[in-house]
Number of protein chains: 2
Amino acid sequence: MVEKQLKERIIETALKLFEKYGYHGVTVDRIVTECNTSKGGFYHNFKSKDELLYHIHDVFITYVLNKAQEAYAKYKTPTERLCAIIQSFVKVFDLYKPHITVFYQESTYLKPEYSKKINEKREQFKQVIFQVIREGIEAGEFRSELPVEITGMSIIGMVNWTYKWYKPNGSMTIEEIAKIFTDLILHSLLTESAKQKEEITTFFLKNVSRF
Amino acid sequence: MVEKQLKERIIETALKLFEKYGYHGVTVDRIVTECNTSKGGFYHNFKSKDELLYHIHDVFITYVLNKAQEAYAKYKTPTERLCAIIQSFVKVFDLYKPHITVFYQESTYLKPEYSKKINEKREQFKQVIFQVIREGIEAGEFRSELPVEITGMSIIGMVNWTYKWYKPNGSMTIEEIAKIFTDLILHSLLTESAKQKEEITTFFLKNVSRF
DNA sequence: AATAACAGACCGACTAGTCGGTTTTTATAA
DNA sequence: TTATAAAAACCGACTAGTCGGTCTGTTATT
């Protein structure tokens, strides 16, 4: 096994420190001492501290966006798609908790040229969710009285907020949390008639309800 | 009408700037020039920049906590209590949008002695919500399969996230948003039998559904 | 030999906070 | 009312420390 490259070590250390102390609470000096390198090592791998921040943002948003698009492509009904997106989205917390924390806490401090790129992907991600909700309403699976954007943002908010309280190794696994979220969301979106449909009920029992 | 006191002016200016550029993106010098005062004026009113940050946090969390406790005291059934709390909580966005942004973006940077105080009130607020959910389950109004904490956090998350996208003067009023949130939440919490009960249905139609 | 990877002393810009001084307000007594 | 003393409010040049980034080297790789 080859030794872990310096760039990776810097990112990991920075992530750990940023998550705990915030971007401005951590100096470049601190990062380089904690991973046994030097200013030279750091600036050989990154143009600036800002670029490191951007890198962290990009890794995360690229991943979630891809996952959402994959989930959309894999399933064909709105309900299934929504569930798949939520589940994969929530599961990201086990993989990228520090990235997510940095992403939602520090994006204010991205330099314009960086934040522009990030926001594009962020917007795309939102659009996938909106699209699914829209199609769900058209298909009669989701309640037509719901406004697409607000509903979408409330789902996103509910899931995103998890980064504020979720502890990996806590008493609940991320899969259990994902199921509860899905359960809550489906209860608030599905129409009465959709709840009657057999395909949906079956799917519901299989993927959501653990009672 | 008496002239607005300097302390108030400083807070308002700081709030406006912090919301836009973040706590670390704004210098004390910037604050004092933008509200036509001086370093002296600033440090006469605040012990430090940190204390100003604390002050902003405290004003907001104290307000929401009080509102939640009032709502709890005013109503007697879990459903009514939950709705009242949500509604008052959401409405805070019109009053305290900048406070909220600072609260959720910058709390990492509170000095330990300050963050301790803030976290106590924050915890109390959460407990009010958990309590209502617990009582709702006991009373048979909310689904018993729901875990109190996660459900509570998902409500809190959904509402809090609003600060990321809500624009006062946007196409939707905060009251409309509050109603949609309440609608979504009640749909996901209420038991089938509670949905049948006349009191609840009546209440539902009056406070929530605008369809 | 040439280039990439890394080391670390150093620099300059920036910024929270200070401190001696000035102005305004308030309290009190004539 | 008015004179005056004391305190509170405010001013702004200055400081001391911090931190991102540079630059000149040295070491490892190809």
Side-chain angles (χ1 to χ4, degrees), chain A residues 1-58 102 105-115, chain B residues 1-58 102 105-115:
Chain A
M1 152 99 192
V2 288
E3 212 180 314
K4 196 166 280 183
Q5 292 309 304
L6 179 60
K7 187 163 183 172
E8 272 313 304
R9 269 168 44 220
I10 293 176
I11 295 171
E12 275 179 30
T13 313
L15 232 16
K16 198 187 67 191
L17 293 170
F18 287 167
E19 183 181 16
K20 196 163 180 183
Y21 305 103
Y23 180 69
H24 286 91
V26 178
T27 66
V28 175
D29 277 301
R30 175 97 184 264
I31 297 171
V32 300
T33 15
E34 295 236 351
C35 68
N36 293 315
T37 179
S38 61
K39 277 290 184 68
F42 183 94
Y43 284 96
H44 179 75
N45 286 284
F46 297 97
K47 271 167 48 189
S48 63
K49 196 188 175 192
D50 296 280
E51 201 205 31
L52 168 59
L53 185 62
Y54 166 71
H55 185 89
I56 293 171
H57 275 72
D58 192 53
V102 173
Q105 287 293 132
E106 313 291 352
S107 60
T108 328
Y109 298 113
L110 280 175
K111 292 273 179 299
E113 65 266 33
Y114 293 135
S115 68
Chain B
M1 150 98 193
V2 288
E3 213 180 310
K4 197 166 280 184
Q5 292 309 304
L6 179 59
K7 187 163 184 174
E8 271 313 305
R9 269 168 44 220
I10 293 175
I11 295 170
E12 274 179 30
T13 313
L15 233 16
K16 200 187 66 191
L17 292 171
F18 287 166
E19 183 180 17
K20 197 163 179 184
Y21 305 104
Y23 180 68
H24 287 92
V26 178
T27 66
V28 175
D29 277 302
R30 176 95 184 265
I31 296 171
V32 301
T33 12
E34 295 236 351
C35 67
N36 293 314
T37 179
S38 62
K39 276 289 182 69
F42 182 94
Y43 284 96
H44 179 75
N45 285 285
F46 297 97
K47 270 167 49 188
S48 63
K49 196 188 175 191
D50 297 281
E51 201 205 33
L52 167 59
L53 185 61
Y54 165 70
H55 184 89
I56 292 172
H57 275 73
D58 192 55
V102 172
Q105 287 293 130
E106 314 291 352
S107 60
T108 329
Y109 298 113
L110 280 176
K111 292 273 179 300
E113 66 267 31
Y114 293 136
S115 67

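Letters A, B, ... mirror the listed sequences (proteins, then strands); counts begin at 1.
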Taking CZ from B:Phe18 and P from C:dA16, how many angstroms apart are they, rounded to a whole number?
9 Å
Less than 3.5 Å between a donor and an acceptor, one on the side chain of A:Lys39 and one on the base of D:dG21, is that the case here?
yes
Parallel, tilted or perpendicular: rings of B:His55 and B:Phe46 (30°, 60°)
perpendicular
What is the distance from OH of A:Tyr43 to P of C:dA9, rounded to the nearest Å?
17 Å
In this structure, how many angstroms lie between the P atom of C:dT23 and the NE2 atom of B:His44, rounded?
17 Å
Take the protein atom CZ of A:Phe42 and the nucleotide atom P of D:dG21, then report the distance between them rounded to whole Å.
8 Å
For C:dA7, does either OP1 or OP2 sit under 4.0 Å from a side-chain N or O belonging to A:Ser38?
yes
For A:Ser115 and A:Leu110, the nearest pair of non-hydrogen atoms, with its separation, is CB-CB, 3.8 Å
4.5 Å side-chain heavy-atom contact, A:Lys49 and A:Tyr23
yes
Parallel, tilted or perpendicular: rings of A:His24 and B:His24 (30°, 60°):
parallel
Report which part of the nucleic acid A:Val32 touches: base, sugar-phosphate, or nothing (heavy-atom distance under 4.0 Å, all strands).
nothing
Does the side chain of A:Phe18 reach to within under 4.5 Å of the side chain of A:Leu52, using non-hydrogen atoms?
yes
Round to a whole Å and report the spacing from CG of A:Asp29 to P of D:dT18.
11 Å
Side-chain N or O of A:Ser48 versus OP1/OP2 of D:dG20: is the shortest distance under 4.0 Å?
no
Counting only side-chain N and O atoms of A:Asn36, is one of them less than 4.0 Å from OP1 or OP2 of C:dC6?
no
Roughly, in whole Å, what's the span from NZ in A:Lys111 to C1' in D:dG20?
10 Å
Whole-Å distance, B:Arg9 CZ to D:dA9 C1', equals 12 Å
Look at the side chain of B:Val28 and decide which nucleotide, out of D:dC19, C:dA16, D:dG21, has an atom nearest to it.
C:dA16
Counting only side-chain nitrogens and oxygens, does B:Asn45 get under 4.0 Å of the OP1 or OP2 atom of D:dA8?
no
Rounded off to whole Å, could you give me the CD-to-P distance for the A:Gln5 and D:dA28 pair?
16 Å
Select one nucleotide: of C:dG8, D:dG20, C:dA16, the one nearest the side-chain heavy atoms of B:Thr27.
C:dA16
